[in-house]
Amino acid sequence: MSESTKYNAAEVEPRWQQVWAEADIYRAEDSSDKPKFYALEMFPYPSGRIHMGHVRNYAMGDVVARYKKAQGFEVLHPMGWDSFGMPAENAAIATDGHPKDWTYNNIDEMRAPMQRLGFALDWSREFATSDVAYYKTQQQIFLKFWENDLVYRKTAKVNWDPVDNTVLANEQVIDGKGWRSGATVEQRDMDQWFFKITNYAEELLEGLDGLDRWPEKVRTMQANWIGKSEGLQMRFEWAVPNGEKRPLVENYPLSGDVYTNLELDWHDDFTTALNNHPDGIEVFTTRPDTLFGASFVAISPDHPIAKNMFETTARVEDFILECQKIGTSEEAIAQAPKLGFDTGLLVQHPFDESITLPVWIANFVLMGYGTGAVFGCPAHDQRDLDFARKYGLPVTPVVLPEGEDAATYDVGTEAYTGEGKLFNSSFLNGLNKSKGIKTAIHKISEMGLGEGVTQYRLRDWGVSRQRYWGCPIPVIKCESCGSQPVPEDQLPVELPYDINFDKPGNPLDRHPTWKTEGVTCPKCGEAAERETDTLDTFADSSWYFAAFGGSLDQDGNLDWEAASKWLPVDQYVGGVEHAVLHLLYARFFTRGLRDCGLLDLPSGEPFAGLFTQGMVTHAVYTDEDGDYVLPEDVIEDGNQLLRIGTKSIVTKGDVIKMSKSKKNVVDPDEIIKGYGADVARWFVLSDSPPERDVEWTESGVIGAWRFSKKVWNVVSATTATDGPLSVATDAKGDALELRKLAHRAMENITAGIEAFRFNTSVAQIYELTNALNKYKGQDAARLEALGILIRAIAPFMPHLAEECWAKLGGEGLVYHAPWPEVDSKMLVDDTITLPLQVNGKRRGELNIAKDLPKDEIEKLAMADEGVQRAIGDGTVRKVIIVPGRIVNIVAS
RNA sequence: GCGGGCGUGGUGGAAUUGGUAGACACGCAAGACUUAAAAUCUUGUUCUGGCAACGGAGUGCGGGUUCGAUUCCCGCCGCCCGCACCA
């Protein structure tokens, strides 16, 4: 083969990319008559480099986008940048630069390699979330949400880093210390803005049922996150004292210390509690059936009653401070030993006047869930049991498991939470769990002490961040009028460029003029201050898909009608790490936008189909000094690995997600240079199922590269010239076999793409290519099969497909070519191979006519040599013939 | 602790209404071409006995249902992921 006919990706790929760009073929038309298809991948953060994870993510979306285009859909497949966030600020601090310059330089650096990958993207709709036009629109949305009662302000606990002077997200707190400063993080109450996502708790939960093209896993995670539970909210009224002090539990361990001789002024505490909370203590429970097993009431250290006592009683203060020392990480809290403090207060049991229950402050009760107070039923709740055993509180079983005797039944160290008959429970005796719950709720309601309620674990979304590089919250704070929305005509509230990071904290807060100069209260006109907090960047990614649909321009114009037309996204592709936060926030946002009248999207669902792809992994290499070595710096020398340069022996370690810190990364741009974009794309889709991780290996890439050459060679070896849309209707013999194979392969390729099982489509493409490689004829059947092959490959390797299409004399671009139609007549064979089993083991096979009658089949089967040998002296008991499938002979 | 998922050759993985287990690829081995290498092509490759013909075993382990189970049911074991004192 001469040089000129070799496939040269480095020359071919840029050439076609230019053709595509000049013809503007990826522009999506809002007004098209065709059915719409919106394909979207989670947009990237502009870190400065694209990595293999991006390649895999966008390659998957691109397969779907191109496939749907070939099927006649008007496809929207856009790209943009999730460009606000902390890394830009950190980089600015580290390099003495500016977050904005850093961000936009990175975007420019990433766009080019992304375009070299040849994705079918409509770049005309590109934007970055840090564009003024984008965050101006986001400020409008914030104000709309405010108008519609979806935004509010309240004081809430936050993680405060006292060195960096900023709030940290939970993920940024590592072992109770700030991830950057290393300082011990404090819990601090701060004024924060919140989005009322809890308004939609029920709708967000119910909506999950309709998302049948979402992974089960993600739906379950969201359902758990929303955490609906039904139960009873009721109050325990104070047990009025008779002037006598109740004996307190005197000796109890508190982090190793033993406190004795408590000197609580019980009476003062009681008076305070009674005055501030005259009705008693509200609790929430899902097990009101176990009320007769209650032996105490526990309140959170953050409960208002505990806080009152914190003010008045030194011992309570000690205790609460002790609780706070445990740390803030969820895991630390979950594993912390149970701590309790007996307040001396008493409440009345609702069903039995003679019973009073002590009120404890307990560290395992969370203020953020329910009412921040519970009743403890040790026999039937593990936490309550641990607590009761530690502090010597009574344990009264009230649910009798089947087979146990009421007289002798006792829980040991394991609380019983299962089904059973109620006992020791007065009017509830004999009822089962659900009946008992209903009856107890009914009774409490009758008594006016409470009612059945539904609780959610989901909390409102705190969105205030003390950060510069984010969307400014469009609010003016006035001393006399409070927080006021920035008037519409004053938007955008633009970020000032002249800031500095020489001190920790938020540069907006100490900017010489931005906060106050010319800022007046929109209501009273007096001098006022800007809100200096910016919005959580998760807000940015909660509606960007609508901005693509509505073609947001640089003046901030957004066509909400067009956005409504494109939504929902038909196929969304991204990492499973966003299963809860991003994907839940976006579902909230679209509902908010709908209810504010901006989006016409009755379901409120932004993503009709979701696919969560696996990661790209690579082995980690370490040299003799224990330093990580880049894969490209490792060479094979005999049976050992060496580091280029130092010749240090290299050890191959675990195969894990590519990460810069472990240096187990391969730069996509280097692969594009060495093998071409098509090869990179093909490889990340070829071997592993899309939802699983794929290991990047040199040999795998070379395999993909060989395959691309093979396709080109098959095309180059073709001299027939009728074009790739040929149909060989009168093919016979080998030609007919090739046709059948091509159509069967096509059937499976389509099914693979539809089911997001690209690896199986790839296998079918291999098979078809191998068959074509062997096929010697230069006829219509060859051309037909080639036409099918090239169009099937086009979504995966578009450059190679375009080049082959042109070489075969295809009209126009393969991008515009229709998806191959499968001729169903080609899928059925006249003769079939029928496996023969004896007692379920394969003993032979039969080549017979497809519609041979059963009795004929049985005769032939019984005559088979292998079958006879297997039966031997045995007697045939039964012959099972499944037409077209199998024959099984039962013999003994 | 709760929830979800997964266990198939040397490796990645096929076999989605219970019907030939191992498609396709990687790797490996042998051969062809070549002075040689690379590239390419051909053949073989679950384990095991056998020169072969032909057998035996086999989808994490143990049971069950069935003419027939990777697939369905029960009980274990192991790994991964998510949530985690949510009352």
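Note: hydrogens, waters and symmetry copies are ignored here, and every other heavy atom, side chains too, is used. Each chain gets a letter, A, B and so on, in the order its sequence line appears, and its residues count up from 1.
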Item to check | Closest nucleotide among B:A39, B:G13, B:C86 to the A:S688 side chain | outcome: B:G13
Checklist entry - Between B:G3 atom P and A:Q222 atom CD, what is the distance in whole Å? => result 19 Å
Next on the checklist: Heavy-atom nearest nucleotide on RNA chain B for A:P689 versus A:A373: which residue maps closer to 5'?
Outcome noted: A:P689
Next on the checklist: We want to know whether A:K710 and A:N770 form a side-chain donor-acceptor pair, criterion being a heavy-atom distance below 3.5 angstrom.
Outcome noted: yes
Checklist entry - Contact class for A:V576 vs. all strands (heavy atom < 4.0 Å): base, sugar-phosphate, or nothing? => result nothing
Between N or O atoms, less than 3.5 Å apart, protein on one side and nucleotides 44-46 of chain B on the other: list the pairs.
none

Checklist entry - Does a nitrogen or oxygen in the side chain of A:R692 sit under 4.0 Å from OP1 or OP2 of B:G13? => result yes
Checklist entry - When rounded to the nearest Å, what value does the distance between P atoms of B:A29 and B:C83 take? => result 46 Å
Checklist entry - B:A38 and B:A32: how far apart are their C1' atoms, nearest whole angstrom? => result 16 Å
Checklist entry - Taking atom P in both B:G13 and B:G60, what distance in whole Å separates the two? => result 14 Å
Checklist entry - Can you tell me how far P of B:A87 sits from NE2 of A:H303, to the nearest Å? => result 17 Å
Checklist entry - Please give, in whole Å, the distance from B:C86 P to A:D302 CG? => result 16 Å
Item to check | Spacing of A:L458 atom CG relative to B:C83 atom C1', expressed in whole Å | outcome: 14 Å
Checklist entry - Centroid-to-centroid, A:F296 to A:F375, below 6.0 Å? => result no
Checklist entry - By ring pair (Phe, Tyr, Trp, His ring centres under 6.0 Å), which residues pair with A:H578, not counting sequence neighbours? => result A:H582
Next on the checklist: Taking the minimum atom-to-atom distance to the side chain of A:N224, which one of B:A87, B:G3, B:G19 wins?
Outcome noted: B:G3
Checklist entry - Is the CG atom of A:D855 crowded by more than 12 outside heavy atoms at less than 6.0 Å? => result yes
Item to check | hbond_proxy A:R459 side chain to B:C86 base (donor-acceptor, 3.5 Å cutoff) | outcome: yes
Next on the checklist: Classify the ring geometry of A:Y391 against A:W360: parallel below 30°, tilted from 30° to 60°, perpendicular beyond 60°.
Outcome noted: tilted
Checklist entry - Using a cut-off of 4.0 Å on non-hydrogen atoms, how would the nucleic acid contact of A:V890 be classed: base, sugar-phosphate, or nothing? => result sugar-phosphate
Checklist entry - Could you write out RNA chain B as a dot-bracket string, with dots for unpaired bases, | for bases paired across to another strand, and Watson-Crick or G-U pairs counted at under 3.5 Å? => result (((((((..(((......[....)))((((((.......))))))((((....))))..(((((..]....))))))))))))....
Next on the checklist: Between A:E754 and A:R757, does any NZ, NE, NH1 or NH2 come within less than 4.0 Å of an OD or OE carboxylate oxygen?
Outcome noted: no
Checklist entry - For every nucleotide of nucleotides 51-57 of chain B, 5' to 3': is a protein heavy atom under 4.0 Å from its base (B), only from its sugar-phosphate (S), or from neither (-)? => result ---SSSS
Checklist entry - Which heavy-atom pair separates A:I671 from A:A680 by the least distance, and what is that distance? => result CG2-CB, 3.8 Å
Checklist entry - Rounding to a whole Å, what distance do you find between A:E216:CD and B:C6:C1'? => result 15 Å
Checklist outcome for this item: Counting primed atoms, P, OP1 and OP2 as sugar-phosphate and everything else as base, the B/S/- map of nucleotides 20-26 of chain B against protein heavy atoms under 4.0 Å is B--BSSS
Next on the checklist: Please report the distance, rounded to the nearest Å, between CG in A:L366 and C1' in B:A87.
Outcome noted: 9 Å
Next on the checklist: Rounded to whole Å, please give me the gap between NZ in A:K657 and C1' in B:C81.
Outcome noted: 14 Å
Next on the checklist: Could you tell me if the side chain of A:V359 sits less than 4.5 Å from the side chain of A:H303, heavy atoms only?
Outcome noted: no
Checklist entry - Do the side chains of A:N759 and A:P690 get nearer than 4.5 Å, heavy atoms only? => result yes
Item to check | Side-chain donor or acceptor of A:D693 paired with backbone N/O of A:T617 under 3.5 Å | outcome: no
Item to check | A:V887, A:T833, A:I832 screened by side chain to side chain contact (heavy atoms under 4.5 Å, CB included) with A:E845, the one that passes | outcome: A:T833
Next on the checklist: If you take the centroid of each ring, where Trp contributes its six-membered ring, are A:W682 and A:F796 closer together than 6.0 Å?
Outcome noted: yes
Item to check | Polar side-chain contact A:K338-B:C85 base: donor and acceptor under 3.5 Å | outcome: yes
Checklist entry - Side chains of A:E414 and A:Q382: do they bring a donor and an acceptor to under 3.5 Å? => result no
Next on the checklist: Using a 3.5 Å distance criterion without hydrogens, assess whether the side chain of A:Y416 forms a donor-acceptor pair with backbone atoms of A:E419.
Outcome noted: yes
Checklist entry - Given side chains that start at C-beta, do those of A:V762 and A:S686 come closer than 4.5 Å, heavy atoms only? => result yes
Item to check | Nucleic acid contacts of residues 742-758 of chain A, taken as heavy-atom distances under 4.0 Å to RNA chain B | outcome: A:R757
Next on the checklist: Tell me if B:G63 is syn or anti. Syn = glycosidic torsion within 90° of 0, anti otherwise.
Outcome noted: anti
Checklist entry - Do A:F683 and A:W696 have ring centres separated by under 6.0 Å? => result yes
Checklist entry - Over how many whole Å does the gap from A:R383 atom CZ to B:C2 atom C1' extend? => result 12 Å
Item to check | Span that lies between the P atom of B:C47 and that of B:U59, in whole angstrom | outcome: 16 Å
